[in-house]
Structures are given as C-alpha cells and as structure tokens.
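We count residues from 1, following the sequence as given. Just so we're clear, the structure is a prediction, and the values are computed from it rather than from any experiment.
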Amino acid sequence: MLAWSGGKDSAWALHLLRGMKDVQISGIFTTIDSGTGRVAVHDVRPELLREQARAAQARLHTVPIPRPCPNAVYERAIAQFIAGAKRDGVTHVAFGDLFLEDIRRYRERQFAGSGVELLFPLWGRPTRALAEEMTSAGLRAWITCVDAGRAPREWAGKVFDSAFVAAVPRGIDPCGENGEFHTFVFEGPMLRAPVRARSGASTERDGMVCVDL
C-alpha cells in the first residue's frame, strides 16, 4: 500500500515500485479533508484525485481527517486504515520521503507494532538528480501550493517540468522536500493517459499560496 498525495514523489515511488521484482501494489491511500473532500495539504479537488488514480490504474483509498487535525486523530485514522489493509493481505506500506530523518523516524514509530513493514524507494537519492530523472522521463505536474516564506509565490500554478527544475535556485530544494512547494502530477510514465486540468483561482492561507486546479 502506497501513501499517495498525488504529487511527484509519491507518483515516482509508484513508478519505481512497479519495476521491482515480487512487489504487487494493493492500492494507494490519501488523507482528505473530511469537510471538503480535497487532498490534505495539497488541496486538490476530489474529482481530480479520482481521475489521477484511474490514470495510474491504482485502487484509491481515502482516509478522511478534519482540518485542522490533531496529531492523535490523524494517527488513529491511519492506524485503523492500515489495520484493515493488513487484514486484506497488505504486508508493506511505502512512502515517497526523500531525506528528512525526523519524518522517517516518525513514520517508523507510528507503524511500530502494526505488523507491516515500511518501504522508502526514493530515500537518500540526490534531489536535483532525482528531479531531473523524473522530468526527463516525462513526469509533469502542476505546482498547487507554495510556502511563500520559502519559495517564490509566483510558482503557484506553474508546471514542474525540466525547464522549471533547471531554473530552481540554490537554497531551494528542487523536489520541495523542505515544504517549499507541493504538486499534482498530470502526466508521466506512471499514468496511462494525461489528467486534464487547468490552473484556476489562487488563495492564501497561513503563508501558503494555493492554486485551485
């Protein structure tokens, strides 16, 4: 079972996992805002999430959480979902994390005793080389949210592609792993067909500039 945000890292993790021997993808799971149905953090509309999952030919599971969401509530929702997945035969949970040690340690603590093992197929890969690998293989994504304190707000609504990666300045992670930006993949080798979407109105909340796709 793959943790899925709809962004480039989880999409690339799906692509890599499908190339691994003896790995069968049971499905992908996404936390969504229980009030709006939108993807948590990335704020993507539910209909686009469903269309993306169909294009990825992956069974989509959604885990509703409130906004704001206390950590205990989040952990309980995930634990209940994973317990059900384990009963259905899931043995591993995969994440698209890249290098943040505190996040990986948190996940290891969170799933300790769950009976499933964790996979991090992208872990430790140099992020500029990884971003170049993704985009050279045809991955393209909308930048849906930008932390205006870490990256140019004008990036919201732009496309993450080879030209964008080449222009990312020093001091900003090319994959946005420090939370600089979030994405929605609409084209790539993990999708059987492009997901049609366009950039809409932008909003700002808590320093995050988000574009409604």
For this session: List the steps, then state whether side-chain contact (heavy atoms from CB on, under 4.5 Å) holds for Phe164 with Ile143.
Result: CA-CA 10 Å; Phe164 175 86; Ile143 297 178; 3.4 Å; yes
Exercise. Does Met134 share a hydrophobic cluster with Val195, counting links as ILVMFWY side-chain heavy atoms below 4.5 Å and allowing steps through other members?
Worked result: yes
Exercise. How many angstroms lie between atom CD of Gln52 and atom OG1 of Thr30, to the nearest 0.5 angstrom?
Worked result: 8.0 Å
Exercise. Do you know which two heavy atoms are closest between Cys145 and Cys210, and how far apart they sit?
Worked result: SG-SG, 2.6 Å
For this session: Under the side-chain contact (heavy atoms from CB on, under 4.5 Å) rule, what do Val73 and Ile65 come out as? Steps first, then yes or no, please.
Result: CA-CA 8 Å; Val73 174; Ile65 58 175; 5.5 Å; no
Exercise. Are Glu133 and Arg125 close enough, and set up right, to give a side-chain contact (heavy atoms from CB on, under 4.5 Å), and what steps lead you there?
Worked result: CA-CA 11 Å; Glu133 178 184 345; Arg125 302 182 65 173; 2.4 Å; yes
For this session: Nearest 0.5 Å please: distance from the CG atom of Leu119 over to the CG atom of Leu2.
Result: 9.5 Å
Problem set entry | Set of side chain to side chain contact (heavy atoms under 4.5 Å, CB included) partners for Ala131, sequence neighbours left out | Phe160, Val165, Pro174, Cys175
Exercise. Between atom CZ of Phe120 and atom CD1 of Ile103, what is the distance when rounded to the nearest 0.5 Å?
Worked result: 10.0 Å
For this session: Answer yes if Phe181 and Phe99 sit in the same cluster of Ile, Leu, Val, Met, Phe, Trp and Tyr residues linked by side chain heavy atoms under 4.5 Å apart, and no otherwise.
Result: yes
Problem set entry | Verify same cluster id: Ile25, Leu191 (apolar side-chain graph, 4.5 Å) | yes
For this session: If a pair satisfies side-chain hydrogen bond (donor to acceptor under 3.5 Å, both in side chains) and one of its residues is in residues 11-23, list it, with sequence neighbours excluded.
Result: none
For this session: Return the minimal non-hydrogen interatomic distance between Ser34 and Pro66, and the atom names on each side.
Result: OG-CA, 3.5 Å
Seminar exercise, completed: For Ser202 and Val211, the nearest pair of non-hydrogen atoms, with its separation, is CB-CG2, 4.1 Å
Exercise. With sequence neighbours left out, what residues match Phe111 under ring-ring contact (aromatic ring centres under 6.0 Å, His included)?
Worked result: Phe95
Problem set entry | Pairs touching residues 87-97 that satisfy side-chain hydrogen bond (donor to acceptor under 3.5 Å, both in side chains), sequence neighbours left out | Asp97-Arg107
Seminar exercise, completed: The complete set of side-chain hydrogen bond (donor to acceptor under 3.5 Å, both in side chains) pairs with one or both residues in residues 137-164, sequence neighbours excluded, reads Thr135-Ser162, Arg140-Glu187, Asp147-Arg150, Arg153-Glu204
For this session: Determine which pairs satisfy side-chain hydrogen bond (donor to acceptor under 3.5 Å, both in side chains) with at least one residue from residues 170-181, sequence neighbours left out, and list them in order.
Result: Thr127-Asp173, Asn178-Glu180
Problem set entry | Transitive ILVMFWY side-chain link Ile82 to Leu118, under 4.5 Å | yes
Problem set entry | Those residues that, when tested against Pro126, pass side chain to side chain contact (heavy atoms under 4.5 Å, CB included) (two or more places apart) | Ala129
Problem set entry | Contacts of His61 that satisfy side chain to side chain contact (heavy atoms under 4.5 Å, CB included) - sequence neighbours left out | Met1, Phe29, Arg59, Phe81
Problem set entry | Which atom of Val185 lies closest to which atom of Ala11, heavy atoms considered | CG2-CB, 3.8 Å
Problem set entry | Shortest non-hydrogen contact from Val209 toward Ala148 | CG2-CB, 4.2 Å
Problem set entry | Distance (rounded to the nearest 0.5 Å) between Leu213 CG and Glu47 CD | 10.5 Å
Problem set entry | Under-4.0 Å salt bridge between Asp33 and Arg67 | yes
Problem set entry | Side-chain heavy atoms of Pro152 within contact of Ile172, under 4.5 Å | yes
Problem set entry | Reported CD1-to-CG distance for the pair Ile28 and Leu14, which is rounded to 0.5 angstrom | 7.0 Å
Problem set entry | Donor-acceptor pair, side chain of Thr183 and main chain of Lys8, under 3.5 angstrom | yes
Problem set entry | Heavy-atom pair with the smallest gap, counting every atom of Ala197 and Leu48 | CB-CD2, 4.0 Å
For this session: Check step by step if side-chain contact (heavy atoms from CB on, under 4.5 Å) holds for Thr62 and Leu49.
Result: CA-CA 10 Å; Thr62 56; Leu49 175 65; 4.3 Å; yes
For this session: Compute whether any side-chain donor of one residue and acceptor of the other, for Glu101 and Tyr106, lie under 3.5 angstrom apart.
Result: no
Problem set entry | Arg76: salt bridge (Lys or Arg N to Asp or Glu O under 4.0 Å) partners, not counting sequence neighbours | none
For this session: Please check if Leu60 and Leu17 belong to a single hydrophobic cluster, counting links between Ile, Leu, Val, Met, Phe, Trp and Tyr side chain heavy atoms closer than 4.5 Å.
Result: yes
For this session: Taking the side chain as every heavy atom from C-beta outward, state whether Leu98 and Leu130 have any atom pair closer than 4.5 Å.
Result: yes
Problem set entry | Residues forming a side-chain hydrogen bond (donor to acceptor under 3.5 Å, both in side chains) with Glu108, sequence neighbours excluded | Arg104, Arg105
Exercise. Which ring-ring contact (aromatic ring centres under 6.0 Å, His included) pairs, counting each pair once, include a residue from residues 32-60, with sequence neighbours left out?
Worked result: His42-His182
Exercise. Looking at residues at least two apart in the chain, or sitting in another chain, which of them share a side-chain hydrogen bond (donor to acceptor under 3.5 Å, both in side chains) with Tyr74?
Worked result: none
